[in-house]
Number of protein chains: 2
Amino acid sequence: MPRISATKEAILAAALELGALHGISGTTMDEVSERAGVAKGSVYYNFSSKDRLFEELLTAGVSSLSSALRNARLSAPGFAGIEAMVAAMLALIAGNRALAKLMAAEIFRTDRPWQVSMAVLRREALSEFEAGLAPLVPAGTPRGSLPLMAAGIFGATLMGGLEWLLFSPDTPAADVSAAILFTYSGKLDAGTPPTA
Amino acid sequence: MPRISATKEAILAAALELGALHGISGTTMDEVSERAGVAKGSVYYNFSSKDRLFEELLTAGVSSLSSALRNARLSAPGFAGIEAMVAAMLALIAGNRALAKLMAAEIFRTDRPWQVSMAVLRREALSEFEAGLAPLVPAGTPRGSLPLMAAGIFGATLMGGLEWLLFSPDTPAADVSAAILFTYSGKLDAGTPPTA
DNA sequence: GTCTATATACTGATAGAC
DNA sequence: GTCTATCAGTATATAGAC
């Protein structure tokens, strides 16, 4: 027996798809109810407001991202852990591209009703990258650099993953992962071009 | 004498600030007119619709990003060109954080009235990174990898830049640039941790 | 070219039958 | 727990004076 009702699940699924398509503000509760196949009254019976509905969606998404990143990080030591995190995040994006698009559009909003909970979860996800990076940077690295590097790798994976799904969905997942990770190999900065 | 009127400029500035704050759908034309200090009728005299107003804003933004990236790329050969592009993009983000936030939220929307023009400009910006990367990757690199790497570096710079401005604005720009670029040095993947 | 005033449609949310 | 019907507020956009 599911922890949440079938109705609630249908509403969440509809809100997710529409939110990814039109943005949250651009999605109406009428559309959500229609797509979910229920009456609008039922939507408001299950979720007290539009804000609550999308907050539940977003926090659940970032939360599952965090735990996936954590599992990946703990699955391998050193840089292999970073590789695993990138691969895991790409898999998550591929497995739920609507959620990925929604999160990409919402992650930098600073005046939403759910701003605080999102910021906490965002930092939680980035912290996983920071934890993976911490043992890999030299001792003299400035204090504030780690969050920026973490954000960079997170952003690269997110943007690369969305580029993948939207513009070259036929590329194998492993190739995408390899392309992103290649940039971290140091081979781009080999002084003169490698053909020379 | 400015190419566009002072009124038009005030409207664009107001729309930019409010759009970055509440999102485009969340921004009303009443708010725009109030913040611009003009009547709503004047807004519609200068811009035929809300969509047109924000389209003008976004296309101008991505366009200036493209040319900044291009100039940076041509300013230095090899990997130094990539470094210059990252620095230039960070400077642009710092110089117009509202536009950066707006673009971050809109860049992956696929069903907007301005979808086509945005997609064209987006690809134009990414092409600059691709052009910079092309001489740096090995001969055997798969065809589709370059756009993914370009998207990765673009995403890293965007996400790192936004992280910077929102959560550690006191960090010097050079440090931010250095942090992002360090991840591409290959020093993260030095086998065992550098302290071993 | 800018204003005020208004038309028209839509939105989030609620009330109450079943 | 789900429905229909509806309210009250607000949005884009327009008309027409100045």
Side-chain angles (χ1 to χ4, degrees), chain A residues 1-59 102 105-106 109 111-115 117-118, chain B residues 1-59 102 105-106 109 111-115 117-118:
Chain A
M1 38 204 88
R3 247 184 52 232
I4 64 174
S5 71
T7 298
K8 211 167 173 177
E9 208 153 353
I11 293 167
L12 285 169
L16 174 59
E17 289 162 40
L18 291 169
L21 215 52
H22 308 123
I24 295 179
S25 298
T27 298
T28 70
M29 293 297 259
D30 281 282
E31 289 172 328
V32 171
S33 68
E34 186 188 344
R35 182 150 191 156
V38 298
K40 190 159 64 166
S42 297
V43 175
Y44 278 94
Y45 175 83
N46 285 280
F47 300 91
S48 57
S49 72
K50 183 183 176 182
D51 286 335
R52 283 291 188 94
L53 168 57
F54 280 99
E55 179 175 16
E56 188 158 325
L57 215 50
L58 286 169
T59 55
L102 199 61
E106 289 295 319
R109 287 289 185 56
D111 76 323
R112 295 275 196 170
W114 52 74
Q115 172 204 346
S117 34
M118 273 295 285
Chain B
M1 38 208 92
R3 246 183 54 230
I4 64 174
S5 71
T7 299
K8 211 167 174 178
E9 207 153 352
I11 293 167
L12 285 169
L16 174 58
E17 289 163 39
L18 291 168
L21 215 52
H22 309 124
I24 294 180
S25 299
T27 298
T28 71
M29 294 296 259
D30 280 283
E31 289 172 329
V32 171
S33 68
E34 186 189 342
R35 180 149 192 155
V38 299
K40 190 159 62 167
S42 298
V43 175
Y44 278 95
Y45 175 82
N46 285 279
F47 300 92
S48 58
S49 73
K50 181 183 176 181
D51 286 336
R52 283 290 187 94
L53 168 57
F54 280 100
E55 178 176 14
E56 189 159 324
L57 214 51
L58 287 169
T59 54
L102 200 60
E106 289 296 321
R109 288 287 185 56
D111 76 324
R112 293 274 194 168
W114 52 75
Q115 172 206 345
S117 34
M118 272 296 284

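Residue numbers begin at 1 in each chain, while the letters A, B, ... track the order of the sequences. All figures in this text were calculated on a predicted structure; none of them were measured in a lab.
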Find out whether [X] and [Y] are in side-chain contact, i.e. whether some heavy atom of one side chain is under 4.5 Å from a heavy atom of the other.
X      : Y      : answer
A/S25  : A/R112 : yes
A/I4   : A/L12  : yes
A/W114 : A/T59  : no

If you take all heavy atoms of A/S5 and A/N46, which pair is closest and at what distance?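 Reported closest heavy-atom pair: OG-OD1, 4.1 Å.
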For B/V43 and B/S33, work out which heavy atoms get closest and say how close. CG2-CB, 3.6 Å
Rounded distance (Å) that lies between atom [atom2] of [N] and atom [atom1] of [X]:
X     : N      : atom1 : atom2 : value
A/I11 : C/dA13 : CD1   : P     : 14 Å
A/H22 : C/dT11 : NE2   : C1'   : 15 Å
B/F54 : D/dA13 : CZ    : P     : 11 Å
B/E34 : D/dA11 : CD    : C1'   : 15 Å
A/E55 : C/dG12 : CD    : P     : 17 Å
B/E31 : D/dT10 : CD    : P     : 11 Å
B/D30 : C/dT6  : CG    : P     : 15 Å
B/K50 : D/dT10 : NZ    : C1'   : 12 Å

Can you give me the N/O atom pairs linking the protein to nucleotides 1-3 of chain D at distances under 3.5 Å, or say none if there are none?
from: D/dG1; atom 1: OP2; to: A/Y45; atom 2: OH; distance (Å): 3.1
from: D/dT2; atom 1: OP1; to: A/T7; atom 2: OG1; distance (Å): 2.6
from: D/dC3; atom 1: OP2; to: A/A39; atom 2: N; distance (Å): 2.5
from: D/dC3; atom 1: OP2; to: A/S42; atom 2: OG; distance (Å): 2.7

Could you tell me whether A/E34 atom CD has more than 12 heavy atoms of other residues or ligands within 6.0 Å of it? no
OP1 or OP2 of C/dT14 less than 4.0 angstrom from a side-chain nitrogen or oxygen of A/Y44, does that happen here? no
Remember a base hit wins even if backbone is also touched, and classify B/S33 as base, sugar-phosphate or nothing at under 4.0 Å, heavy atoms. nothing
Touch class at under 4.0 angstrom, heavy-atom based, for A/T27 against every strand present: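 Sugar-phosphate, backbone atoms only, no base.
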Pairs of donor and acceptor atoms involving the side chains of residues 47-54 of chain B, under 3.5 Å and at least two apart or interchain, shall be tabulated with distances.
from: B/S49; atom 1: OG; to: B/D51; atom 2: N; distance (Å): 3.4
from: B/S49; atom 1: OG; to: B/R52; atom 2: N; distance (Å): 3.2
from: B/K50; atom 1: NZ; to: B/I24; atom 2: O; distance (Å): 3.0
from: B/K50; atom 1: NZ; to: B/T27; atom 2: O; distance (Å): 2.6

